[in-house]
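Read the structure below first, then the notes.
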Amino acid sequence: MISGCAIVAGVVGRPIAHSLSPQIHNAWLEAAGVDGVYVPFAPDDRGFERLVEGFRGGAIRGLNVTLPFKEAALAISSQPSEAAQAAGAANVLVFEPDGRIVADNTDGVGLLRAFRAQAPQWDVAAGPVAVLGAGGAARGAVAALIAAGAPEVRVVNRTLAKAETLVGMLGPKARALPWSRAADAFGEATAVINATSGGLDGADGFDIPLAATPEACVVMDMVYKPLATGLLKAARALGRPTVDGLEMLIGQAVPSFEAFFGVSPPAGVDVRGLALKALGEKTA
Ligand code: ATR
């Protein structure tokens, strides 16, 4: 039921047509019996600020923000959380009635929730973690891993200078390595996380020396289209435990939902099944 008092939230990004967030949030809203709705927005580059300014003061309760607006979302906020500042980007904006725009970044929470769900044996504090990539997604992951207690995060990137810049922002627990030293980065790693924008299926010519990882090393890919990326398939072939990007997407949606609608998502809703169906993946 959507009444005249419905809480409105949404997701802003471009492109947005294939976003799974409306399905996930609306399924939770319906199951929880919350008088609310979650809708998509796709402004052009310059339209993002106008859209957000229009909502200032609480015209809607909040927005999830996805590419390419996450950095702009942090910049427009008057009250960014520590996580958003550390990530240099926001994926949640909440519009307070007094005009404040509160920003948060729940991608790190989503990453850790995904590990808890699919690799519960993994302990963030047990050893070094290797992160592939040095863009916005990598920065958020590295910041969240350090905040959660990782003793060392090894940032491996095609362009070493970008990894060095990222590491410079995040302090002594982060180390930068070029792709040619990926095997060194993987030694003793408790997890390898792909935060590049590609699925790293080998077609790009990059050798991902997963055999250099310890047997218990968890391999995670933030990419979820396709769900079984080249990296995850290679990891499974070696017998490594894996975590997929869809679980992270669902994981970041949980604290977003709580921020917008004031209640936790109800248990027992198969949002993963819904998302798999929307992605055209088998639910088994
Ligand atoms: P995002 O905000 O999604 O992280 P980004 O800031 O554009 O996106 O960063 C993309 C990351 O993926 C970068 O680390 C990029 O490597 P470079 O810094 O060398 O450009 C990495 N990347 C993109 N395509 C890649 C590929 N085919 N192989 C390896 N790394 C790739």
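Count residues from 1 along the sequence. When a ligand or atom number is given, it counts from 1 through the structure's own listing order.
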Atom indices of ligand 1, in the order listed, that fall short of 4.0 Å to a heavy atom of A134: 14 (O)
Report the relative orientation of the aromatic rings in Y38 and H25; use parallel for angles under 30°, tilted for 30 to 60°, perpendicular for over 60°. parallel
Out of N157, T66, N194, V131, the nearest non-hydrogen contact to atom 13 (C) of ligand 1 is supplied by N157
Take the angle between the ring planes of W28 and F257 and call it parallel below 30°, perpendicular above 60°, tilted in between. perpendicular
Which atoms from ligand 1 have a heavy atom of T159 less than 4.0 Å away? 17 (P), 18 (O), 19 (O), 20 (O)
Check: W179 N/O within less than 3.5 Å of ligand 1 N/O: no
May I have all residue pairs that pass salt bridge (charged side-chain N to carboxylate O under 4.0 Å, His left out) and include part of residues 131-147, sequence neighbours excluded? none
Could you tell me whether some N/O pair between L67 and ligand 1 is separated by less than 3.5 angstrom? no
Short N/O distance, under 3.5 Å, between G133 and ligand 1? no
N or O pair under 3.5 Å between S197 and ligand 1: yes
Ion pair check, R61 and E96, cut-off under 4.0 Å: yes
Which of the atoms of ligand 1 are close to A137, meaning less than 4.0 Å from one of its heavy atoms? 1 (P), 2 (O), 4 (O)
So does R175 pair up with E152, basic N to acidic O under 4.0 Å? yes
Relative to ligand 1, is K162 under 4.0 angstrom through side chain, backbone, both or neither, heavy atoms considered? side chain
Residue list, salt bridge (charged side-chain N to carboxylate O under 4.0 Å, His left out) with E164, at least two apart or on another chain: none
Taking K70 first and then D107, would you say they form a salt bridge - that is, a charged N and a carboxylate O separated by under 4.0 Å? yes
Does G136, backbone or side chain, put an N or O under 3.5 Å from an N or O of ligand 1? yes
